[in-house]
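In what follows, a single structure is set out as structure tokens and then discussed.
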Number of protein chains: 2
Amino acid sequence: MFPERTIDSRPEWPDTSLMAPSSPQSQARPLPDALREAQDRYIATWSQMGSAWGISRTMAEVHALLYITGDALCTDEVMDRLEISRGSASMSLRALLEWGVITRTHKRGDRKEYFLAEQDVWAMFRAIVRERMKREVDPMLASLFEIRDMTGGMGTIAKDHNDRLDQLLLFFEVMQMFGQRFISPTGEGLQAAADILSKSDA
Amino acid sequence: MFPERTIDSRPEWPDTSLMAPSSPQSQARPLPDALREAQDRYIATWSQMGSAWGISRTMAEVHALLYITGDALCTDEVMDRLEISRGSASMSLRALLEWGVITRTHKRGDRKEYFLAEQDVWAMFRAIVRERMKREVDPMLASLFEIRDMTGGMGTIAKDHNDRLDQLLLFFEVMQMFGQRFISPTGEGLQAAADILSKSDA
DNA sequence: TGGCTCTTTCAATGTTTCCTGAAAGAACCA
DNA sequence: TGGTTCTTTCAGGAAACATTGAAAGAGCCA
């Protein structure tokens with residue numbers, strides 16, 4: 001069902017008792033193999049999710065990497081870790097910035113840009129919902145209104161057609177309202193509720 | 001922002017005062033040009049929407065056509081209207097059946113199958129949400145749990161990593177709960193509320 | 001200003017995804 | 001059973017999409 005694409009997802013664990021001298025990590029701190037493998041599987045999972053929802057695999061992978069490591073990584077680190085080209089890394093990072101799910105940072109005495117993923121999952125999804133509404137739902141609603149106007153004065157011959165459009169318009173307006181509530185400060189109330197729930201039954 | 005793809009979306013109206021003797025329509029009833037054009041624009045809009053959300057353009061077009069006409073159409077009618085091949089029409093129709101957003105019907109004395117779109121927008125979206133949860137969210141949650149288990153016993157070195165996964169898991173569990181509420185009979189309450197809203201301020 | 005480092009762009013290329021159309025399959029009828 | 005009508009399948013081709021890498025751009029420093 002999902003497209004075949006994994007970043008080495010072996011089913012078994014290697015020996016994890018020692019630190020492996022893995023490739024040059026962010027700040028010279030090598031990672032236990034098990035952790036690295038878990039990261040890779042997370043990256044693969046997130047990239048599958050992304051492609052099912054119309055986000056390019058690489059962009060999803062870059063985001064997954066930044067989120068799961070929690071580190072501020074530079075372009076070269078992203079390239080090396082995901083084995084992608086400079087151009088691809090650059091474009092993905094920029095797109096993620098535009099989505100508002102990562103931010104630029106700098107390190108003292110280093111000219112490179114570092115990228116850090118939004119660490120609050122709810123804030124991250126608020127950003128995603130905000131962008132998708134802006135890019136897809138709003139224009140579509142505008143189109144639907146226009147289309148509705150095309151047959152507005154046609155009388156009974158277009159009645160059913162217009163009713164169907166009205167039904168759709170109503171639905172998307174309701175959804176838009178929900179979306180706005182989700183991304184607004186009120187949406188943070190939802191997050192708070194979820195946080196409380198999580199603590200009460202953990 | 002959206003990919004270029006339209007089904008003849010001229011900005012101006014043709015003369016709509018008369019029925020145009022258009023191509024052989026479902027039941028030999030020709031359509032006013034304006035109505036046909038509005039249908040085309042709806043089809044184009046819906047197909048754009050679809051591709052932004054990972055649904056193939058053709059499949060979205062077929063669904064749009066069935067929804068907006070409200071008619072039970074057979075494969076040949078779909079092919080002719082959208083100018084797609086028999087194979088493509090057949091596959092799209094089957095996929096739409098699997099999604100549960102269209103149904104098969106038959107006409108007396110006719111061996112062909114006819115296809116009818118679910119006409120209730122809320123029922124349609126309940127079907128879509130149900131399928132997407134089943135196909136994408138549930139497997140992803142399963143993966144996240146597995147990944148979480150990979151580093152469950154690793155102690156402090158994986159603490160932050162595990163916290164991040166837990167945050168994601170919590171988020172998706174909340175979303176799953178919402179989704180289930182949306183698709184359950186309770187979800188119909190939502191629909192009812194929206195219907196009332198629409199009548200009260202129309 | 002010239003040289004250095006890092007970032008962005010984009011034409012060419014590679015890859016995935018989708019569509020086509022012919023052929024096989026299935027259901028029905030006489 | 002053979003013929004007719006409709007549906008599904010799938011290999012091959014076409015289109016859409018993503019990635020690469022080299023070159024241009026941008027900022028910085030001495």
Side-chain angles (χ1 to χ4, degrees), chain A residues 1-7 43-44 46-48 50-65 72-99 102-115, chain B residues 1-7 26 43-44 47-48 50-63 65 72-98 102-116 135:
Chain A
M1 179 164 292
F2 281 124
E4 206 67 60
R5 159 130 181 166
T6 50
I7 296 187
I43 293 167
W46 198 240
S47 98
Q48 283 181 335
S51 37
W53 290 82
I55 275 85
S56 90
R57 279 187 316 280
T58 301
M59 189 173 147
E61 283 183 4
V62 172
H63 179 263
L65 174 63
L73 302 181
C74 68
T75 308
D76 291 79
E77 287 166 333
V78 171
M79 288 167 58
D80 293 349
R81 179 65 202 272
L82 299 177
E83 301 181 86
I84 59 177
S85 72
R86 182 168 302 283
S88 195
S90 172
M91 293 205 305
S92 295
L93 287 166
R94 201 145 86 77
L96 290 168
L97 285 169
E98 272 159 24
W99 277 82
I102 67 173
T103 51
R104 282 183 220 265
T105 61
H106 292 275
K107 292 194 179 176
R108 203 168 295 283
D110 188 339
R111 207 135 102 221
K112 281 201 286 290
E113 287 183 317
Y114 287 77
F115 300 90
Chain B
M1 181 162 293
F2 281 121
E4 206 68 59
R5 162 133 180 161
T6 49
I7 295 186
S26 173
I43 292 168
S47 98
Q48 284 181 334
S51 36
W53 291 82
I55 275 84
S56 90
R57 279 189 315 280
T58 302
M59 188 173 148
E61 284 183 4
V62 172
H63 178 262
L65 174 63
L73 303 181
C74 68
T75 307
D76 291 79
E77 287 166 332
V78 171
M79 287 168 57
D80 293 348
R81 179 67 202 272
L82 299 177
E83 301 182 86
I84 59 176
S85 70
R86 181 168 303 283
S88 193
S90 171
M91 293 204 305
S92 294
L93 288 165
R94 201 147 83 77
L96 290 167
L97 285 169
E98 272 159 24
I102 68 173
T103 50
R104 282 182 220 265
T105 60
H106 292 274
K107 292 192 177 176
R108 201 168 298 282
D110 188 340
R111 207 136 101 222
K112 282 201 285 291
E113 287 182 318
Y114 288 77
F115 300 90
L116 188 63
R135 295 176 192 210

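Any value given below was found using the heavy atoms of this structure, including those in side chains, with hydrogens, waters and symmetry copies removed.
- Across all their heavy atoms, B:Ser47 and B:Ala60 have their closest contact at CA-CB, 3.7 Å.
- In terms of position along DNA chain D, the nucleotide closest to B:Cys74 lies nearer the 5' end than the nucleotide closest to the other residue of the pair B:Cys74 and A:Gly54.
- For C:dG21, neither phosphate oxygen OP1 nor OP2 lies less than 4.0 angstrom from any side-chain nitrogen or oxygen of B:Ser85.
- To the nearest 0.5 angstrom, A:Glu77 atom CD is 11.0 Å from A:Phe115 atom CZ.
- Side chains of A:Met59 and A:Leu96 form a contact here, defined as non-hydrogen atoms less than 4.5 Å apart.
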How would DNA chain C look in dot-bracket form, 5' to 3', counting Watson-Crick and G-U wobble pairs with both distances under 3.5 Å and writing | for bases paired to another strand? ||||||||||||||||||||||||||||||
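- Atom CZ of A:Arg57 and atom P of C:dT16 are 6 Å apart (whole Å).
- At whole-Å resolution of the value, CD1 in B:Ile84 and C1' in C:dG21 are 13 Å apart.
- When the P atom of D:dT20 is taken as reference, atom CE of A:Met79 falls 9 Å away, rounded to whole Å.
- Rounded to an integer number of Å, the gap from CZ of A:Arg104 to P of C:dC6 is 15 Å.
- Each of B:Gln48, B:Glu61, B:Arg57 was scored for a side chain to side chain contact (heavy atoms under 4.5 Å, CB included) with B:Ile43, with one residue passing: B:Glu61.
- Atom CG of B:Asp110 is separated from atom P of C:dC29 by 12 Å (rounded to the nearest Å).
- Counting only heavy atoms from C-beta outward, the side chains of B:His63 and B:Ile102 approach each other to under 4.5 Å.
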Could you walk me through whether B:Lys112 and B:Asp76 satisfy the side chain to side chain contact (heavy atoms under 4.5 Å, CB included) test, starting with their C-alpha distance in whole Å, then the side-chain angles of each, then the deciding distance to 0.1 Å, before giving a yes or no? CA-CA 9 Å; B:Lys112 282 201 285 291; B:Asp76 291 79; 4.3 Å; yes
Review item, nucleotides 28-30 of chain D N/O atoms under 3.5 Å of protein N/O:
none

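- Straight-line distance from the CG atom of A:Leu96 to the C1' atom of D:dA18: 15 Å, rounded to whole Å.
- Taking atom CG on A:Leu73 and atom P on C:dT7, their separation rounds to 13 Å, with Å as the unit.
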Where do N or O atoms of nucleotides 9-14 of chain C meet protein N or O atoms at under 3.5 Å, pair by pair?
unit_1 : atom_1 : unit_2  : atom_2 : d
C:dT9  : OP2    : A:Arg94 : NE     : 3.3
C:dT9  : OP2    : A:Arg94 : NH2    : 2.8

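- By the 4.5 Å heavy-atom criterion applied to side chains, B:Tyr114 and B:His106 are not counted as neighbours.
- Within a 6.0 Å radius of CD in B:Glu83, other residues, nucleotides and ligands contribute 12 heavy atoms or fewer.
- When rounded to the nearest whole Å, the span between CE of B:Met59 and P of C:dT17 equals 16 Å.
- Using a 4.5 Å cut-off on side-chain heavy atoms (C-beta onward), B:Leu93 and B:Glu113 make no contact.
- Annotation: side chain of A:Trp46 is not in contact with side chain of A:Leu65 (no heavy-atom distance under 4.5 Å).
- Here B:Ser92 contributes atom OG and B:Ile84 contributes atom CD1; the two are 5.5 Å apart, rounded to the nearest 0.5 Å.
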